Number of protein chains: 2
Amino acid sequence: MLKKERQAYILHQVNLHNKVLSSLLCSEINVSEDTIRRDLQELAEEGKVIKVHGGALSQSFNEVHFPSNAVYSQNQKKKIAQKAIGLISNGMFILTSGGTTILEMARSLPPQLKATFISGSIPAILEYMHHPNIEVILIGDKISKNSKITVGSEAIAKIRQMKADICFLGTNAIDIKQGVTDNDWDVVQLKKAMIESCKKVVCLAIAEKVNTVQPIQVCGLNDINTLITELDPGNPVLQPYVEAGIEVL
Amino acid sequence: MLKKERQAYILHQVNLHNKVLSSLLCSEINVSEDTIRRDLQELAEEGKVIKVHGGALSQSFNEVHFPSNAVYSQNQKKKIAQKAIGLISNGMFILTSGGTTILEMARSLPPQLKATFISGSIPAILEYMHHPNIEVILIGDKISKNSKITVGSEAIAKIRQMKADICFLGTNAIDIKQGVTDNDWDVVQLKKAMIESCKKVVCLAIAEKVNTVQPIQVCGLNDINTLITELDPGNPVLQPYVEAGIEVL
DNA sequence: AGGGTTTATGCGTTTTTGTGCGGGAATTTA
DNA sequence: TAAATTCCCGCACAAAAACGCATAAACCCT
(Lines give C-alpha, C1' and ligand atoms only; values in the text may rest on other atoms or scores of the structure.)
Protein backbone atom coordinates (compact mmCIF):
# COMPACT_ATOMS: atom_id res chain seq x y z
CA MET A 1 0.00 0.00 0.00
CA LEU A 2 1.33 3.36 -1.04
CA LYS A 3 1.90 6.14 1.42
CA LYS A 4 -0.56 8.50 -0.27
CA GLU A 5 -3.12 5.77 -0.47
CA ARG A 6 -2.73 4.98 3.19
CA GLN A 7 -3.08 8.58 4.23
CA ALA A 8 -6.20 8.95 2.12
CA TYR A 9 -7.65 5.96 3.88
CA ILE A 10 -6.78 7.36 7.32
CA LEU A 11 -8.30 10.71 6.48
CA HIS A 12 -11.42 8.97 5.31
CA GLN A 13 -11.66 7.10 8.59
CA VAL A 14 -11.18 10.26 10.61
CA ASN A 15 -13.91 12.09 8.78
CA LEU A 16 -16.17 9.10 9.06
CA HIS A 17 -15.81 8.42 12.78
CA ASN A 18 -14.45 11.75 14.03
CA LYS A 19 -11.53 9.90 15.57
CA VAL A 20 -8.95 7.20 14.92
CA LEU A 21 -6.62 5.28 17.22
CA SER A 22 -3.12 4.71 15.93
CA SER A 23 -3.07 1.30 17.56
CA LEU A 24 -6.13 0.19 15.63
CA LEU A 25 -4.97 1.65 12.35
CA CYS A 26 -1.62 -0.07 12.42
CA SER A 27 -3.10 -3.51 12.88
CA GLU A 28 -5.70 -2.70 10.26
CA ILE A 29 -3.27 -1.59 7.58
CA ASN A 30 -0.45 -3.84 8.74
CA VAL A 31 2.24 -1.27 9.13
CA SER A 32 4.22 -0.30 12.18
CA GLU A 33 2.83 2.15 14.67
CA ASP A 34 5.65 4.53 13.77
CA THR A 35 4.42 4.78 10.23
CA ILE A 36 0.90 5.57 11.30
CA ARG A 37 2.23 8.17 13.68
CA ARG A 38 4.26 9.76 10.93
CA ASP A 39 1.23 9.80 8.67
CA LEU A 40 -0.94 11.42 11.31
CA GLN A 41 1.73 13.97 11.96
CA GLU A 42 1.86 14.94 8.30
CA LEU A 43 -1.90 15.16 8.07
CA ALA A 44 -1.90 17.30 11.20
CA GLU A 45 0.70 19.63 9.70
CA GLU A 46 -1.49 20.02 6.65
CA GLY A 47 -4.38 20.83 8.97
CA LYS A 48 -6.42 17.85 7.87
CA VAL A 49 -6.71 16.27 11.32
CA ILE A 50 -5.97 17.11 14.95
CA LYS A 51 -3.28 14.92 16.38
CA VAL A 52 -3.70 13.84 19.97
CA HIS A 53 -2.03 11.32 22.22
CA GLY A 54 -3.21 7.91 21.04
CA GLY A 55 -4.58 8.89 17.66
CA ALA A 56 -6.23 11.80 15.93
CA LEU A 57 -9.52 13.67 15.84
CA SER A 58 -11.51 15.26 13.08
CA GLN A 59 -11.11 18.99 12.52
CA SER A 60 -14.82 19.47 13.08
CA PHE A 61 -14.14 18.69 16.72
CA ASN A 62 -12.78 22.13 17.32
CA GLU A 63 -15.72 24.00 15.90
CA VAL A 64 -18.60 21.91 17.13
CA HIS A 65 -17.57 20.87 20.56
CA PHE A 66 -15.53 23.83 21.67
CA PRO A 67 -17.71 26.88 21.20
CA SER A 68 -15.54 29.95 21.39
CA ASN A 69 -18.24 32.56 21.81
CA ALA A 70 -18.95 33.69 25.33
CA VAL A 71 -22.52 32.59 25.63
CA TYR A 72 -23.14 29.06 24.66
CA SER A 73 -25.50 28.53 21.75
CA GLN A 74 -26.50 32.15 21.71
CA ASN A 75 -27.99 32.03 18.25
CA GLN A 76 -30.27 29.17 19.14
CA LYS A 77 -31.33 31.00 22.26
CA LYS A 78 -32.12 34.14 20.30
CA LYS A 79 -34.37 32.09 18.06
CA ILE A 80 -36.10 30.58 21.06
CA ALA A 81 -36.49 34.01 22.63
CA GLN A 82 -38.23 35.32 19.51
CA LYS A 83 -40.72 32.48 19.52
CA ALA A 84 -41.38 32.94 23.23
CA ILE A 85 -41.98 36.65 22.84
CA GLY A 86 -44.71 35.82 20.34
CA LEU A 87 -46.71 34.38 23.23
CA ILE A 88 -46.61 37.60 25.24
CA SER A 89 -49.17 40.35 24.88
CA ASN A 90 -49.72 43.65 26.62
CA GLY A 91 -51.04 43.56 30.14
CA MET A 92 -49.97 40.02 30.89
CA PHE A 93 -48.63 38.81 34.23
CA ILE A 94 -45.61 36.66 33.49
CA LEU A 95 -43.69 34.35 35.80
CA THR A 96 -40.17 33.39 34.76
CA SER A 97 -37.41 31.21 36.12
CA GLY A 98 -33.73 31.97 35.58
CA GLY A 99 -31.22 30.54 33.12
CA THR A 100 -29.45 31.92 30.09
CA THR A 101 -32.33 31.25 27.73
CA ILE A 102 -34.63 33.36 29.87
CA LEU A 103 -31.97 36.06 29.95
CA GLU A 104 -31.85 36.08 26.19
CA MET A 105 -35.61 36.47 26.13
CA ALA A 106 -35.43 39.33 28.61
CA ARG A 107 -32.91 41.11 26.40
CA SER A 108 -35.05 40.68 23.31
CA LEU A 109 -38.31 42.03 24.72
CA PRO A 110 -39.70 44.76 22.46
CA PRO A 111 -39.39 48.17 24.15
CA GLN A 112 -43.03 49.10 23.74
CA LEU A 113 -44.28 45.97 25.51
CA LYS A 114 -46.22 46.70 28.70
CA ALA A 115 -46.43 43.72 30.97
CA THR A 116 -45.59 42.61 34.48
CA PHE A 117 -42.70 40.22 34.97
CA ILE A 118 -42.30 38.26 38.18
CA SER A 119 -39.14 36.38 39.06
CA GLY A 120 -36.75 35.48 41.84
CA SER A 121 -33.73 35.23 39.55
CA ILE A 122 -31.32 38.10 40.08
CA PRO A 123 -29.79 38.07 36.59
CA ALA A 124 -33.25 37.99 35.03
CA ILE A 125 -34.44 40.85 37.23
CA LEU A 126 -31.44 42.93 36.22
CA GLU A 127 -32.43 42.52 32.59
CA TYR A 128 -36.08 43.32 33.17
CA MET A 129 -35.10 46.44 35.06
CA HIS A 130 -33.51 47.89 31.93
CA HIS A 131 -36.77 47.88 30.05
CA PRO A 132 -38.77 51.07 30.03
CA ASN A 133 -42.33 49.81 30.09
CA ILE A 134 -42.43 46.63 32.08
CA GLU A 135 -43.25 46.32 35.74
CA VAL A 136 -40.95 44.06 37.68
CA ILE A 137 -41.98 42.11 40.74
CA LEU A 138 -39.18 40.53 42.68
CA ILE A 139 -39.84 37.42 44.71
CA GLY A 140 -37.96 37.81 47.97
CA ASP A 141 -36.31 35.25 50.23
CA LYS A 142 -32.88 33.94 51.01
CA ILE A 143 -30.53 34.07 48.05
CA SER A 144 -28.87 30.92 46.80
CA LYS A 145 -25.47 32.10 45.73
CA ASN A 146 -24.74 29.49 43.14
CA SER A 147 -28.05 29.63 41.33
CA LYS A 148 -28.47 33.38 41.91
CA ILE A 149 -32.10 32.98 42.72
CA THR A 150 -34.20 33.48 45.81
CA VAL A 151 -35.15 30.19 47.37
CA GLY A 152 -37.13 29.09 50.38
CA SER A 153 -40.62 28.79 51.75
CA GLU A 154 -41.29 32.53 51.65
CA ALA A 155 -40.58 32.67 47.97
CA ILE A 156 -42.70 29.62 47.32
CA ALA A 157 -45.57 30.95 49.41
CA LYS A 158 -45.44 34.23 47.54
CA ILE A 159 -45.56 32.47 44.19
CA ARG A 160 -48.43 30.26 45.34
CA GLN A 161 -50.61 33.24 46.05
CA MET A 162 -50.31 34.47 42.48
CA LYS A 163 -52.09 33.48 39.33
CA ALA A 164 -50.02 34.51 36.36
CA ASP A 165 -51.11 34.36 32.76
CA ILE A 166 -48.08 32.49 31.58
CA CYS A 167 -44.93 30.99 32.99
CA PHE A 168 -41.63 30.61 31.13
CA LEU A 169 -39.28 27.93 32.40
CA GLY A 170 -35.66 27.79 31.35
CA THR A 171 -35.39 24.04 30.97
CA ASN A 172 -32.30 22.06 31.80
CA ALA A 173 -33.50 18.70 30.59
CA ILE A 174 -36.70 17.38 29.10
CA ASP A 175 -37.55 13.83 28.22
CA ILE A 176 -40.63 11.94 27.08
CA LYS A 177 -40.63 9.59 30.03
CA GLN A 178 -39.10 11.67 32.83
CA GLY A 179 -40.69 14.97 31.84
CA VAL A 180 -38.85 18.10 32.92
CA THR A 181 -35.86 17.50 35.19
CA ASP A 182 -33.17 19.64 36.78
CA ASN A 183 -30.11 19.38 39.00
CA ASP A 184 -30.71 21.88 41.78
CA TRP A 185 -33.18 21.03 44.50
CA ASP A 186 -34.04 24.59 45.43
CA VAL A 187 -34.59 25.62 41.85
CA VAL A 188 -36.87 22.65 41.35
CA GLN A 189 -39.04 23.70 44.28
CA LEU A 190 -39.41 27.17 42.81
CA LYS A 191 -40.29 25.84 39.38
CA LYS A 192 -42.89 23.51 40.83
CA ALA A 193 -44.59 26.41 42.56
CA MET A 194 -44.46 28.46 39.39
CA ILE A 195 -46.10 25.73 37.37
CA GLU A 196 -48.98 25.57 39.83
CA SER A 197 -49.44 29.31 39.84
CA CYS A 198 -50.06 30.05 36.21
CA LYS A 199 -52.54 29.32 33.51
CA LYS A 200 -50.03 28.27 30.89
CA VAL A 201 -46.60 26.66 31.23
CA VAL A 202 -44.02 27.20 28.52
CA CYS A 203 -40.70 25.35 28.48
CA LEU A 204 -37.76 26.93 26.69
CA ALA A 205 -35.05 24.44 25.78
CA ILE A 206 -32.32 24.31 23.17
CA ALA A 207 -32.53 21.14 21.11
CA GLU A 208 -29.55 19.59 22.80
CA LYS A 209 -31.44 19.46 26.04
CA VAL A 210 -34.36 17.65 24.52
CA ASN A 211 -34.31 13.96 25.43
CA THR A 212 -31.84 14.40 28.26
CA VAL A 213 -32.43 13.71 31.93
CA GLN A 214 -31.23 15.27 35.16
CA PRO A 215 -31.50 13.89 38.70
CA ILE A 216 -34.52 15.78 40.07
CA GLN A 217 -37.96 15.93 38.51
CA VAL A 218 -39.72 19.27 38.09
CA CYS A 219 -42.91 18.01 36.52
CA GLY A 220 -44.34 15.45 34.14
CA LEU A 221 -44.94 16.21 30.49
CA ASN A 222 -48.67 16.58 31.04
CA ASP A 223 -48.04 19.60 33.25
CA ILE A 224 -46.57 21.67 30.45
CA ASN A 225 -48.53 23.31 27.68
CA THR A 226 -45.89 24.50 25.25
CA LEU A 227 -42.36 23.54 24.30
CA ILE A 228 -40.12 25.97 22.45
CA THR A 229 -36.84 24.98 20.84
CA GLU A 230 -34.81 26.52 18.06
CA LEU A 231 -35.89 23.70 15.74
CA ASP A 232 -38.72 23.71 13.28
CA PRO A 233 -41.85 22.34 14.97
CA GLY A 234 -42.04 19.66 12.30
CA ASN A 235 -38.63 18.23 13.26
CA PRO A 236 -38.84 14.48 13.94
CA VAL A 237 -37.10 14.90 17.31
CA LEU A 238 -40.11 16.86 18.53
CA GLN A 239 -42.84 14.59 17.19
CA PRO A 240 -43.17 12.50 20.37
CA TYR A 241 -43.93 15.70 22.25
CA VAL A 242 -46.55 16.74 19.71
CA GLU A 243 -48.12 13.34 20.10
CA ALA A 244 -48.10 13.75 23.86
CA GLY A 245 -50.41 16.70 23.35
CA ILE A 246 -47.88 19.48 23.80
CA GLU A 247 -47.95 22.58 21.64
CA VAL A 248 -44.52 22.69 20.00
CA LEU A 249 -43.25 25.94 18.52
CA MET B 1 -11.82 7.19 24.97
CA LEU B 2 -9.21 9.81 24.21
CA LYS B 3 -8.43 12.59 26.63
CA LYS B 4 -9.49 15.37 24.31
CA GLU B 5 -12.64 13.55 23.42
CA ARG B 6 -13.49 13.16 27.06
CA GLN B 7 -12.84 16.82 27.76
CA ALA B 8 -15.05 17.78 24.85
CA TYR B 9 -17.82 15.67 26.31
CA ILE B 10 -17.41 17.23 29.74
CA LEU B 11 -17.42 20.73 28.33
CA HIS B 12 -20.50 19.91 26.39
CA GLN B 13 -22.25 18.73 29.51
CA VAL B 14 -21.22 21.82 31.43
CA ASN B 15 -22.55 24.13 28.77
CA LEU B 16 -25.75 22.18 28.48
CA HIS B 17 -26.67 21.95 32.13
CA ASN B 18 -24.63 24.74 33.68
CA LYS B 19 -22.93 22.40 36.11
CA VAL B 20 -21.37 18.96 36.40
CA LEU B 21 -20.43 16.82 39.38
CA SER B 22 -17.13 14.97 39.13
CA SER B 23 -18.64 12.03 40.96
CA LEU B 24 -21.36 11.64 38.35
CA LEU B 25 -19.04 12.16 35.42
CA CYS B 26 -16.56 9.55 36.51
CA SER B 27 -19.18 6.84 36.76
CA GLU B 28 -20.64 8.00 33.49
CA ILE B 29 -17.40 7.89 31.52
CA ASN B 30 -15.86 5.10 33.58
CA VAL B 31 -12.61 6.71 34.56
CA SER B 32 -11.24 7.50 37.98
CA GLU B 33 -12.34 10.61 39.80
CA ASP B 34 -8.77 11.88 39.63
CA THR B 35 -8.88 11.91 35.87
CA ILE B 36 -12.10 13.89 35.83
CA ARG B 37 -10.63 16.32 38.31
CA ARG B 38 -7.53 16.75 36.18
CA ASP B 39 -9.70 17.34 33.12
CA LEU B 40 -11.79 19.93 34.91
CA GLN B 41 -8.66 21.60 36.12
CA GLU B 42 -7.24 21.85 32.61
CA LEU B 43 -10.52 23.16 31.24
CA ALA B 44 -10.59 25.68 34.05
CA GLU B 45 -7.05 26.81 33.24
CA GLU B 46 -8.13 27.36 29.65
CA GLY B 47 -11.03 29.38 30.97
CA LYS B 48 -13.64 27.05 29.53
CA VAL B 49 -15.31 26.20 32.84
CA ILE B 50 -15.22 27.36 36.44
CA LYS B 51 -13.92 24.71 38.77
CA VAL B 52 -15.65 24.39 42.12
CA HIS B 53 -15.53 21.90 44.95
CA GLY B 54 -17.19 18.73 43.68
CA GLY B 55 -17.45 19.66 40.03
CA ALA B 56 -17.53 22.63 37.69
CA LEU B 57 -19.84 25.39 36.52
CA SER B 58 -20.46 26.92 33.14
CA GLN B 59 -18.54 30.07 32.35
CA SER B 60 -21.44 31.85 30.66
CA PHE B 61 -23.68 31.36 33.66
CA ASN B 62 -21.33 33.24 35.86
CA GLU B 63 -20.98 36.43 33.84
CA VAL B 64 -20.67 38.85 36.66
CA HIS B 65 -22.23 42.25 36.40
CA PHE B 66 -19.49 44.32 37.91
CA PRO B 67 -21.04 47.54 39.12
CA SER B 68 -19.04 50.59 38.20
CA ASN B 69 -16.35 51.51 40.62
CA ALA B 70 -16.56 55.18 39.79
CA VAL B 71 -18.54 56.27 42.77
CA TYR B 72 -18.87 59.85 43.86
CA SER B 73 -16.68 60.75 46.84
CA GLN B 74 -15.33 57.26 47.05
CA ASN B 75 -12.58 57.99 49.54
CA GLN B 76 -14.93 59.55 52.04
CA LYS B 77 -17.30 56.64 51.59
CA LYS B 78 -14.52 54.13 52.17
CA LYS B 79 -13.75 55.85 55.44
CA ILE B 80 -17.39 55.73 56.45
CA ALA B 81 -17.61 52.09 55.42
CA GLN B 82 -14.67 51.20 57.66
CA LYS B 83 -16.28 52.84 60.66
CA ALA B 84 -19.59 51.15 59.97
CA ILE B 85 -17.97 47.73 59.68
CA GLY B 86 -16.64 48.21 63.20
CA LEU B 87 -20.21 47.97 64.45
CA ILE B 88 -20.80 44.56 62.86
CA SER B 89 -20.00 41.32 64.58
CA ASN B 90 -20.47 37.68 63.68
CA GLY B 91 -23.97 36.29 63.75
CA MET B 92 -25.74 39.63 63.44
CA PHE B 93 -28.90 40.25 61.44
CA ILE B 94 -28.37 43.44 59.52
CA LEU B 95 -30.91 45.53 57.63
CA THR B 96 -29.56 47.88 55.01
CA SER B 97 -31.04 50.39 52.62
CA GLY B 98 -29.50 51.18 49.26
CA GLY B 99 -27.23 54.00 48.15
CA THR B 100 -23.60 54.23 47.19
CA THR B 101 -22.33 54.52 50.75
CA ILE B 102 -23.98 51.23 51.60
CA LEU B 103 -22.44 49.74 48.46
CA GLU B 104 -19.01 50.83 49.57
CA MET B 105 -19.63 49.18 52.91
CA ALA B 106 -20.76 45.99 51.19
CA ARG B 107 -17.54 45.90 49.16
CA SER B 108 -15.39 46.39 52.21
CA LEU B 109 -16.86 43.65 54.34
CA PRO B 110 -14.11 41.35 55.61
CA PRO B 111 -14.30 37.97 53.90
CA GLN B 112 -14.40 35.97 57.09
CA LEU B 113 -17.42 37.84 58.47
CA LYS B 114 -20.45 35.61 59.01
CA ALA B 115 -23.67 37.55 59.24
CA THR B 116 -27.07 37.86 57.62
CA PHE B 117 -27.78 40.88 55.46
CA ILE B 118 -31.31 41.86 54.58
CA SER B 119 -32.09 44.38 51.89
CA GLY B 120 -34.38 45.28 49.05
CA SER B 121 -31.75 47.19 47.14
CA ILE B 122 -30.63 45.36 44.02
CA PRO B 123 -27.14 46.88 43.79
CA ALA B 124 -26.52 46.15 47.46
CA ILE B 125 -27.73 42.60 47.05
CA LEU B 126 -25.35 42.09 44.13
CA GLU B 127 -22.45 43.11 46.33
CA TYR B 128 -23.51 40.93 49.23
CA MET B 129 -23.82 37.98 46.89
CA HIS B 130 -20.12 38.12 46.08
CA HIS B 131 -19.14 37.53 49.66
CA PRO B 132 -18.38 33.98 50.68
CA ASN B 133 -19.72 33.82 54.20
CA ILE B 134 -22.71 36.06 54.49
CA GLU B 135 -26.31 35.03 54.10
CA VAL B 136 -28.39 37.30 51.94
CA ILE B 137 -32.10 37.84 52.39
CA LEU B 138 -33.82 39.72 49.64
CA ILE B 139 -36.97 41.68 50.39
CA GLY B 140 -39.33 41.14 47.50
CA ASP B 141 -41.93 43.39 45.96
CA LYS B 142 -42.38 45.64 42.98
CA ILE B 143 -39.11 47.15 41.78
CA SER B 144 -38.76 50.89 41.54
CA LYS B 145 -36.58 51.36 38.49
CA ASN B 146 -35.03 54.66 39.39
CA SER B 147 -34.08 53.76 42.94
CA LYS B 148 -33.36 50.08 42.08
CA ILE B 149 -35.07 48.96 45.24
CA THR B 150 -38.15 46.91 45.98
CA VAL B 151 -40.97 49.08 47.22
CA GLY B 152 -44.52 48.52 48.30
CA SER B 153 -46.68 47.16 51.06
CA GLU B 154 -45.38 43.63 50.72
CA ALA B 155 -41.83 44.76 51.27
CA ILE B 156 -42.85 46.88 54.23
CA ALA B 157 -44.89 44.09 55.77
CA LYS B 158 -41.94 41.75 55.41
CA ILE B 159 -39.59 44.19 57.10
CA ARG B 160 -42.08 44.81 59.90
CA GLN B 161 -42.11 41.15 60.83
CA MET B 162 -38.35 41.18 61.42
CA LYS B 163 -36.26 42.31 64.32
CA ALA B 164 -32.74 42.96 63.16
CA ASP B 165 -29.75 43.73 65.38
CA ILE B 166 -28.75 46.80 63.46
CA CYS B 167 -29.91 48.87 60.54
CA PHE B 168 -27.66 50.90 58.24
CA LEU B 169 -29.31 53.75 56.40
CA GLY B 170 -27.66 55.41 53.45
CA THR B 171 -28.67 58.97 54.30
CA ASN B 172 -29.53 61.60 51.74
CA ALA B 173 -29.95 64.52 54.17
CA ILE B 174 -29.73 64.98 57.89
CA ASP B 175 -30.45 68.10 59.89
CA ILE B 176 -30.77 69.01 63.54
CA LYS B 177 -34.31 70.29 63.23
CA GLN B 178 -35.77 68.18 60.42
CA GLY B 179 -33.97 64.95 61.30
CA VAL B 180 -33.39 62.50 58.44
CA THR B 181 -35.08 63.45 55.17
CA ASP B 182 -35.18 62.05 51.66
CA ASN B 183 -36.69 62.75 48.26
CA ASP B 184 -38.33 59.50 47.20
CA TRP B 185 -41.63 58.66 48.79
CA ASP B 186 -41.30 54.91 48.32
CA VAL B 187 -37.80 54.81 49.70
CA VAL B 188 -38.90 56.78 52.74
CA GLN B 189 -41.63 54.25 53.49
CA LEU B 190 -39.06 51.48 53.38
CA LYS B 191 -36.65 53.30 55.65
CA LYS B 192 -39.38 54.03 58.15
CA ALA B 193 -40.21 50.36 58.35
CA MET B 194 -36.55 49.47 58.73
CA ILE B 195 -36.09 51.89 61.60
CA GLU B 196 -38.98 50.31 63.44
CA SER B 197 -37.69 46.81 62.89
CA CYS B 198 -34.28 46.99 64.44
CA LYS B 199 -32.62 47.52 67.75
CA LYS B 200 -30.10 50.07 66.57
CA VAL B 201 -30.29 52.62 63.76
CA VAL B 202 -27.07 53.80 62.12
CA CYS B 203 -27.03 56.65 59.60
CA LEU B 204 -24.21 56.77 57.08
CA ALA B 205 -23.75 60.21 55.54
CA ILE B 206 -20.91 62.06 53.88
CA ALA B 207 -20.27 65.44 55.49
CA GLU B 208 -21.79 67.31 52.55
CA LYS B 209 -25.16 65.89 53.47
CA VAL B 210 -24.99 66.90 57.09
CA ASN B 211 -27.21 69.92 57.81
CA THR B 212 -29.13 69.60 54.56
CA VAL B 213 -32.83 68.96 54.12
CA GLN B 214 -34.93 67.05 51.61
CA PRO B 215 -38.70 67.22 51.12
CA ILE B 216 -39.85 64.06 52.87
CA GLN B 217 -39.07 63.16 56.44
CA VAL B 218 -37.83 59.67 57.28
CA CYS B 219 -37.52 60.12 61.02
CA GLY B 220 -36.63 62.57 63.76
CA LEU B 221 -33.17 62.73 65.26
CA ASN B 222 -34.29 60.93 68.37
CA ASP B 223 -35.03 57.80 66.31
CA ILE B 224 -31.42 57.30 65.31
CA ASN B 225 -28.70 55.91 67.52
CA THR B 226 -25.53 56.47 65.58
CA LEU B 227 -24.28 58.84 62.92
CA ILE B 228 -21.22 58.01 60.83
CA THR B 229 -19.47 60.51 58.60
CA GLU B 230 -15.96 60.63 57.21
CA LEU B 231 -15.15 63.46 59.65
CA ASP B 232 -13.49 63.14 63.02
CA PRO B 233 -16.16 62.76 65.73
CA GLY B 234 -14.78 65.86 67.42
CA ASN B 235 -15.47 68.04 64.40
CA PRO B 236 -17.54 71.12 65.34
CA VAL B 237 -20.07 70.42 62.58
CA LEU B 238 -21.07 67.27 64.43
CA GLN B 239 -21.28 68.69 67.93
CA PRO B 240 -25.00 69.56 67.80
CA TYR B 241 -25.67 65.88 67.07
CA VAL B 242 -23.52 64.74 69.95
CA GLU B 243 -25.45 67.08 72.18
CA ALA B 244 -28.71 65.67 70.85
CA GLY B 245 -27.63 62.33 72.35
CA ILE B 246 -26.50 60.65 69.15
CA GLU B 247 -23.41 58.49 69.10
CA VAL B 248 -21.15 60.06 66.49
CA LEU B 249 -18.31 58.03 64.94
C1' DA C 1 24.37 -0.32 -15.81
C1' DG C 2 25.73 1.25 -11.65
C1' DG C 3 26.91 4.27 -7.89
C1' DG C 4 25.12 8.02 -5.16
C1' DT C 5 21.07 10.16 -3.24
C1' DT C 6 16.55 10.53 -1.51
C1' DT C 7 12.49 8.49 0.57
C1' DA C 8 9.86 5.23 3.20
C1' DT C 9 9.72 1.99 6.72
C1' DG C 10 10.77 -0.82 10.84
C1' DC C 11 13.22 -1.70 15.29
C1' DG C 12 15.19 -0.79 19.80
C1' DT C 13 15.79 2.55 23.44
C1' DT C 14 14.69 6.50 26.00
C1' DT C 15 11.13 10.15 27.19
C1' DT C 16 6.85 11.79 27.74
C1' DT C 17 1.99 11.34 28.64
C1' DG C 18 -2.13 9.57 30.68
C1' DT C 19 -4.14 7.25 34.32
C1' DG C 20 -5.03 4.98 38.73
C1' DC C 21 -4.02 4.40 43.63
C1' DG C 22 -3.01 5.54 48.49
C1' DG C 23 -2.79 8.55 52.18
C1' DG C 24 -3.09 12.89 54.32
C1' DA C 25 -4.94 17.74 53.97
C1' DA C 26 -8.74 20.66 53.16
C1' DT C 27 -13.52 21.57 52.66
C1' DT C 28 -18.33 20.70 53.07
C1' DT C 29 -22.26 18.96 55.54
C1' DA C 30 -24.90 17.22 59.33
C1' DT D 1 -17.62 19.41 66.48
C1' DA D 2 -17.53 15.14 63.95
C1' DA D 3 -18.21 12.54 59.78
C1' DA D 4 -18.02 12.35 55.00
C1' DT D 5 -16.47 14.17 50.63
C1' DT D 6 -13.39 16.03 47.84
C1' DC D 7 -8.86 17.58 46.81
C1' DC D 8 -3.93 17.33 46.42
C1' DC D 9 0.59 15.18 46.14
C1' DG D 10 3.70 11.73 45.00
C1' DC D 11 4.37 7.43 43.04
C1' DA D 12 3.88 3.50 39.82
C1' DC D 13 2.96 1.67 35.51
C1' DA D 14 1.51 1.13 30.94
C1' DA D 15 0.79 3.11 26.58
C1' DA D 16 2.41 6.19 23.21
C1' DA D 17 5.80 9.32 21.23
C1' DA D 18 10.37 10.71 20.04
C1' DC D 19 14.86 9.69 18.54
C1' DG D 20 18.58 7.46 16.39
C1' DC D 21 19.82 4.06 13.45
C1' DA D 22 19.53 0.38 9.94
C1' DT D 23 17.65 -1.22 5.81
C1' DA D 24 15.77 -1.26 1.47
C1' DA D 25 13.31 0.37 -2.23
C1' DA D 26 12.94 4.14 -5.59
C1' DC D 27 14.96 7.72 -8.06
C1' DC D 28 18.47 10.20 -10.73
C1' DC D 29 22.28 11.24 -13.40
C1' DT D 30 26.17 10.25 -15.99
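Being a predicted model, the structure only gives us computed values, none of them experimental.
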Shortest non-hydrogen contact between B:Ser97 and B:Ser119, atoms and distance: O-OG, 3.8 Å
A:Thr100 versus A:Lys77, side-chain donor and acceptor atoms under 3.5 Å: yes
Check nucleotides 17-21 of chain D against the protein and report each pair of N or O atoms closer than 3.5 Å, with its distance, or say if there are none.
| from | atom 1 | to | atom 2 | distance (Å) |
| --- | --- | --- | --- | --- |
| D:dA17 | OP1 | A:Lys51 | NZ | 2.9 |
| D:dA17 | OP1 | A:Gly54 | N | 3.0 |
| D:dA17 | OP2 | A:Arg37 | NE | 2.6 |
| D:dA17 | OP2 | A:Arg37 | NH2 | 3.4 |
| D:dA17 | O5' | A:Arg37 | NE | 3.2 |
| D:dC19 | N4 | A:Asp34 | OD1 | 3.4 |

B:Lys3 and B:Glu42 ion-paired at < 4.0 Å: yes
Derivation and outcome, salt bridge (charged side-chain N to carboxylate O under 4.0 Å, His left out), residues B:Arg6 and B:Asp39: CA-CA 8 Å; B:Arg6 194 180 53 231; B:Asp39 284 340; 2.5 Å; yes
Presence of A:Thr35 side-chain N/O under 4.0 Å of C:dT9 phosphate oxygens OP1/OP2: no
Separation of C:dG18 P from B:Leu40 CG (nearest whole Å): 16 Å
Test log, rule salt bridge (charged side-chain N to carboxylate O under 4.0 Å, His left out), inputs A:Glu45 and A:Lys51: CA-CA 9 Å; A:Glu45 277 164 16; A:Lys51 172 108 195 60; over 6 Å; no
Range-with-range stems of DNA chain C (Watson-Crick or G-U pairs under 3.5 Å, three or more in a row): C:1-30 with D:1-30
Residues in side-chain contact (heavy atoms from CB on, under 4.5 Å) contact with B:Ala157, at least two apart in sequence or another chain: none
A:Gln178 vs A:Gln217, side chain to side chain donor-acceptor pair (under 3.5 Å): CA-CA, chis, key distance, verdict: CA-CA 7 Å; A:Gln178 306 296 320; A:Gln217 194 191 39; 5.5 Å; no
Between P of D:dA14 and CG of A:Leu21, the distance in whole Å: 20 Å
A:Lys191 (side chain) donor-acceptor with A:Gly170 (main chain) under 3.5 angstrom: yes
